[in-house]
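Indexing begins at 1, ligand by ligand and atom by atom, following the structure's order. Here the structure is a predicted model, which is why all the values come from computation and not from measurement.
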Amino acid sequence: MLPTRGYAARGPTSLLEPFDFERREPGPRDVLIEILYCGICHSDIHQARDEWGGAIFPMVPGHEIVGRVTRVGSEVRKFKAGDLAGVGCFVDSCRTCESCRAGLEQYCEGHVAWTYNGTEQDGKTPTYGGYSTQIVVDESYTLKIPANLPLANAAPLLCAGITTYSPLRHFNVGPGQRVAVVGLGGLGHMAVKLAASMGAEVTVLSTSKTKEADARRLGAQDFVVSLDPKNLDDLANRFDFILDAVSAPHDLNAYLNLLRRDGVLVLVGVPPKPIPVQAFSLVLKRRRLAGSVIGGIRETQEMLDYCARKNIASDVEVIPIQQVNEAYERTLKGDVKYRFVIDLKSLKE
Ligand code: NAP
Ligand code: ZN
Ligand code: ZN
């Protein structure tokens, strides 16, 4: 076994603190990755505080992982020692169901091994995430990180990037379409960059007045403060597509009403409590409400290669792991531009 250092939450109300554990020895198809950077996703906070239920403690969060391969198993073909590698939100899946066979492992009908707060395919061994010095992952669930992307800025692509890229692609967002992004956080700022890069006209709907200049710099053509209902009234029936990346409860109907006929609102944000939907918000304009979770391995690689071609990565604030608890508090206040990324060097010193 490989002794590994991490940071873990011991329970839903505890701060994250140093935690020593063991990774498995790499098997024939595994790669051992020295973790260099790991992003802090709002899902880490939801789960470390057990806001979604079913949390497994101690929990080492982190699913926006980039690092360097230090060892590979005898059957590994995609990687060699010294290569850059990435790991996203899952490290295995059943591999046989319809979704897995379609390359949509995130929708596996069997068992998905989430990168943390989950179990391996044996259904028993707990998984531990990227707030740690190293990770062992089957090469089939490991991504290639293009060399031209700055590493710390690339880490958030493994969740925030693919979570926004996938629905934009699935619903064919492109030139001539009006897109709104609700919530300019880690996911939201990637959604703005990606939708703009695909040729859409992007509007940011935000509760934070102070984010307007950033929204425009990221590629938005318009910025509307959503706290004033009148501002939203002016946008009724305007958008083809809305991506809702808000982490907390909010009035979904106010946003559904901004869709034109046949428009689609995709929820990627996962607030812990149910949100009421007015039937009239949907039926009168044949609007659709959909959800989407991350993306499969194939599409995640496609997204990384797309970002490399378009020079797109995340805007990040790099921190040592000792500041992780403070970073959680600042994320909850919306005080981050636009993703905290942990430099794991701080855990190796
Ligand atoms: P984040 O960086 O904290 O951003 C969330 C944004 O939501 C904030 O910046 C803020 O934007 C807005 N917001 C926060 N509280 C609000 C409130 N009370 N009312 C209205 N707006 C509010 O979080 P994130 O990492 O982007 O994650 C966002 C959500 O997506 C989380 O729930 C996370 O768990 C979920 N998620 C889902 C997937 C998936 O696959 N579906 C993947 C990753 C994350 P403004 O300041 O602009 O209003
Ligand atoms: Zn995430
Ligand atoms: Zn499956």
Regarding R217 and E212, does a basic nitrogen lie under 4.0 Å from an acidic carboxylate oxygen?
no

Would you call K345 and D343 a salt bridge, taking side-chain N to carboxylate O under 4.0 Å as the test?
yes

Which protein N, O or S atoms sit under 2.8 Å from the Zn ion (ligand 2)?
C41 SG, H63 NE2, C159 SG

Please confirm whether the ring centroid of F241 lies under 6.0 Å from the ring centroid of F239.
no

Is D222 salt-bridged to R178, cutoff N-O under 4.0 Å?
no

Ring-face cation of R71 near F79 (centre distance under 6.0 Å, axis angle within 45°):
no

Should the pair D214-K337 be classified as a salt bridge under the 4.0 Å nitrogen-to-oxygen rule?
yes

Only residue of F21, Y7, W114 satisfying ring pair (Phe, Tyr, Trp, His ring centres under 6.0 Å) with Y128 is F21

So, R49 and E329, do they make that salt bridge, N to O below 4.0 Å?
yes

With sequence neighbours excluded, residues passing side chain to side chain contact (heavy atoms under 4.5 Å, CB included) with E75
P28, R29

Atom-level proximity to ligand 1, residues with heavy atom under 4.0 Å
C41, H42, S43, H46, W52, C159, T163, G183, L184, G185, G186, L187, S206, T207, S208, K211, A245, V246, S247, A248, V268, G269, V270, S292, V293, I294, T331, R339

Ion pair check, R10 and E17, cut-off under 4.0 Å:
yes

Between E34 and K348, is the closest basic N to carboxylate O distance under 4.0 Å?
yes

Is K193 paired with D315 through a side-chain N to carboxylate O contact shorter than 4.0 Å?
yes

Electrostatic pair K144-D305, nearest N-O below 4.0 angstrom:
no

If only protein N, O or S atoms under 2.8 Å count, total around the Zn ion (ligand 3):
4

